[in-house]
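Notes for the one structure printed next.
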Number of protein chains: 2
Amino acid sequence: MRRHYATIKDIARALNISVSTVSRALRDTYDVNAETRQLVLDKAAELHYRPNFNATGLVKNSSHNLAVLLPGITNYYFSTVFTGIQEIAYRHGYNLILHVTNDDAERELNIIRSLSFSSLDGMLVSVSSQADACDHFQEIIDDGVPVVFFDRVAEHVSTSKVMQDDYNGAFEATEHLIAKGYRRIAHIAGPQGLTFTGNRQQGYLDALRKHKLPAQDSWIIHSGFSQDSGYQDFQQLWQLRSKPDAIFAVNDRKAVGAMLAMKEKKIVPGKDVGVIGFTNDPVSAIISPSLSTIAEPAFEIGKVSCQLLLNHIRKKNFIAEEVVLPGKLIERESTQR
Amino acid sequence: MRRHYATIKDIARALNISVSTVSRALRDTYDVNAETRQLVLDKAAELHYRPNFNATGLVKNSSHNLAVLLPGITNYYFSTVFTGIQEIAYRHGYNLILHVTNDDAERELNIIRSLSFSSLDGMLVSVSSQADACDHFQEIIDDGVPVVFFDRVAEHVSTSKVMQDDYNGAFEATEHLIAKGYRRIAHIAGPQGLTFTGNRQQGYLDALRKHKLPAQDSWIIHSGFSQDSGYQDFQQLWQLRSKPDAIFAVNDRKAVGAMLAMKEKKIVPGKDVGVIGFTNDPVSAIISPSLSTIAEPAFEIGKVSCQLLLNHIRKKNFIAEEVVLPGKLIERESTQR
DNA sequence: GGTGTTTTCGGTAACGTTACCGGTGAAATT
DNA sequence: AATTTCACCGGTAACGTTACCGAAAACACC
């Protein structure tokens with residue numbers, strides 16, 4: 001059906017005044033009589049007038065849209081980050097266009113290619129695992145589109161980035177295991193090539209080195225981020241001749257997967273094998289034994305990212321910033337002997 | 001900085017041809033020489049040309065945007081529905097503008113009021129708990145905006161709706177508890193006033209009646225949807241003189257909250273008090289004992305909703321449809337004695 | 001009462017794109 | 001050779017809004 005929505009022309013015609021006056025009345029009180037203004041406002045309400053953002057965007061060369069590019073939304077971390085982004089965007093009257101890549105590089109590329117930057121004021125991006133699409137982002141940035149990366153950042157692209165402190169978080173997690181008496185510590189890692197995966201692995205390795213503990217290649221397993229990956233990874237670890245006595249998982253989902261595998265083998269997390277995750281997914285408090293973890297400031301990351309993007313949009317020649325937010329160790333049962 | 005993005009005028013100027021020809025070349029091959037077309041395409045790629053959706057939207061009177069209005073995104077159900085919506089939207093080249101209300105009626109209203117329908121082809125809505133904003137939706141629909149409700153529908157608004165089969169799901173869940181030998185069955189419900197809350201409660205009541213089991217007002221508790229609400233609700237139930245021996249929770253989160261409260265009191269779910277939820281949140285398989293539940297077709301609901309909306313947008317005089325998708329009983333430990 | 005100032009409004013062009021109509025030249029037809 | 005047809009292209013107006021300039025009216029000033 002697509003009826004004709006009321007426009008300022010309709011208001012002008014109904015009131016027998018010019019569109020310019022209506023336009024002015026609808027925004028600021030600038031150059032318009034209070035009486036006239038009220039007439040316009042009343043008529044606008046009567047006709048259910050809503051401004052046409054296509055038109056305003058065209059003339060002002062700015063929509064009020066931000067694009068958000070995410071690998072997925074069905075997990076605690078990203079959905080919380082998004083909520084943080086939304087909090088700031090809402091306050092400033094920006095709309096969020098959410099694109100989910102399903103962690104698929106091809107889909108990511110398709111989405112990027114189909115974006116219309118003229119109806120977009122900026123972008124918030126967490127790249128997919130296969131991060132070879134970086135040059136495409138660089139191209140966009142060179143074209144003048146404000147972009148802020150968070151969490152999964154494209155390393156060689158020069159723009160603002162917001163991350164949790166992956167290195168120190170991993171370091172702290174590993175030291176916590178050591179403090180609790182575990183000595184043979186394995187690492188269930190994420191896919192190779194991602195910045196934060198590398199940082200967490202380095203934190204883990206450096207903590208081991210500091211305490212002069214053995215680091216074995218076979219104790220580091222790279223795979224996906226899913227719970228199932230964690231489950232598989234543990235199976236693989238347990239086939240080893242020299243088994244670890246503790247596990248630092250790159251995120252809580254993988255830690256949970258590992259714990260589920262342990263349960264099947266009657267291995268008790270904490271008592272038999274220490275487990276620590278990363279994220280502080282709500283599930284870590286629900287699972288039994290409960291899961292120690294490094295809490296990520298997901299909501300905060302969303303807020304900061306969005307704020308940074310808005311600064312970027314408003315100020316010209318904005319200098320790229322890198323913000324690193326600290327995590328926090330949360331001790332639970334899975335690291336108590 | 002906001003550089004000037006390349007337009008078809010730039011392409012026309014560079015190639016010394018008219019904008020009309022460029023416009024035609026960029027879309028269909030209609031009325032344009034293959035050679036010219038190629039020249040345009042090459043130049044467009046060279047200049048990083050992207051169509052300005054504000055301009056196309058203005059002249060074609062349709063953006064390619066759909067608005068999605070949700071109470072929250074940080075839970076399994078809504079994030080999965082959204083992923084389903086996105087799947088269909090992506091296939092058809094639609095963008096999704098996601099608005100999160102935080103289950104706050106005022107915020108919901110603010111968002112609705114600020115929407116520009118002229119830059120929106122349709123809306124997908126799950127209303128907030130306090131569903132008194134229904135007349136606002138009716139107004140929008142009367143203005144000709146295609147709207148599809150899902151899950152939390154506004155009952156008296158005449159438009160398409162997509163829901164899971166709340167009544168039968170609740171009925172089946174309650175019957176399952178009865179079949180497992182529980183007799184004093186309580187219901188931890190959602191807030192009053194919501195359609196699906198009422199449907200689930202009715203399914204529960206009818207199952208009790210069918211099996212001639214007692215139904216007590218004090219065994220039905222209305223509160224929020226959160227895990228914490230479930231925790232509180234159980235506390236309240238356990239202060240009763242006549243305690244129930246089983247609980248049907250309106251969703252898994254509340255069931256989990258109740259189970260956590262039980263754990264504190266050394267009550268074993270299943271053995272002492274049967275528990276069944278609704279959703280099939282992944283956490284229900286992780287918690288111990290694992291939680292029986294009614295699985296909701298969340299992803300499917302998203303897909304169907306979006307498909308319905310697209311039909312609505314394309315066909316004029318589209319008749320409102322109501323789709324009800326069946327749930328599925330999943331037996332786990334929390335209902336085994 | 002002429003001059004300046006302010007208030008209030010209208011007209012026009014522009015944003016980037018498409019729809020529509022008209023025109024040119026060449027090819028096809030008789 | 002004259003006419004018709006067709007492929008291809010250009011010009012113009014329009015979408016809804018705002019920015020800018022100018023003008024009319026009202027008011028103030030000496």
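Letters A, B, ... mirror the listed sequences (proteins, then strands); counts begin at 1.
With hydrogens and angles ignored, no donor-acceptor pair closer than 3.5 Å exists between the side chain of B:Ser18 and the base of D:dG11. Side-chain to base pairing of B:Arg24 with D:dG10: one donor and one acceptor N or O lie within less than 3.5 Å of each other.
Listed nucleotides: C:dC9, D:dC9, D:dT18. Nearest to the side chain of B:Thr36: D:dC9. Comparing atom distances between the B:Asp31 side chain and each of C:dT8, C:dT12, D:dC8 picks out D:dC8 as nearest. Comparing D:dG11, C:dT17, D:dT17 by their nearest atom to the side chain of B:Ala55 picks out C:dT17. Residue A:Val59 places its side chain closer to D:dT18 than to any other of C:dT12, D:dT18, C:dT17. Relative to the side chain of A:Thr21, the nucleotides C:dT18, D:dA19, C:dC9 differ in distance, and C:dC9 lies closest.
Across the protein-nucleic acid pair, A:Arg27 atom CZ and D:dC20 atom P stand 11 Å apart, rounded to whole Å. In this structure, CZ of A:Arg13 is placed 15 Å from P of C:dG10, rounded to the nearest angstrom. Atom P of nucleotide C:dC15 and atom CG of A:Asn52 are separated by 18 Å, given to the nearest angstrom. Regarding A:Asn54, its CG atom lies at a distance of 13 Å from the P atom of C:dT17, rounded to whole Å. Atom NZ of B:Lys9 and atom P of D:dG10 are 15 Å apart (whole Å). Note: CG (A:Leu58) to C1' (D:dA19) measures 13 Å, nearest angstrom. Atom CZ of A:Phe117 and atom P of C:dG16 are 17 Å apart (whole Å). Following rounding to the nearest Å, B:Ile17 (CD1) and D:dG11 (C1') show an atom-to-atom distance of 14 Å.
Remark: A:Asn61 is not in phosphate contact with C:dC15, judged by side-chain N or O atoms under 4.0 Å from OP1 or OP2. OP1 or OP2 of D:dT18 has at least one side-chain nitrogen or oxygen of A:Ser23 nearer than 4.0 Å. Taking side-chain N and O atoms only, B:Arg37 has no distance below 4.0 Å to OP1 or OP2 of D:dA7.
Here B:Arg107 pairs with A:Glu87 in a salt bridge; the nearest charged N to carboxylate O distance falls below 4.0 Å.
Put simply, the side chain of A:Thr7 reaches to within 4.5 Å of the side chain of A:Asp10, judged on heavy atoms. Looking at B:Arg152 and B:Asp103, their side chains come closer than 4.5 Å, going by heavy atoms from C-beta outward.
Formation of a donor-acceptor pair under 3.5 Å by the B:Arg37 side chain with backbone atoms of B:Arg24 is not found in this model.
Using a 4.0 Å heavy-atom distance criterion, A:Tyr49 is classed as a sugar-phosphate-only contact. Residue A:Ser20 is classed as a base contact, given a heavy-atom separation below 4.0 Å to a base.
Between B:Tyr94 and B:His64, the two ring planes are parallel [angle under 30°; tilted spans 30° to 60°].
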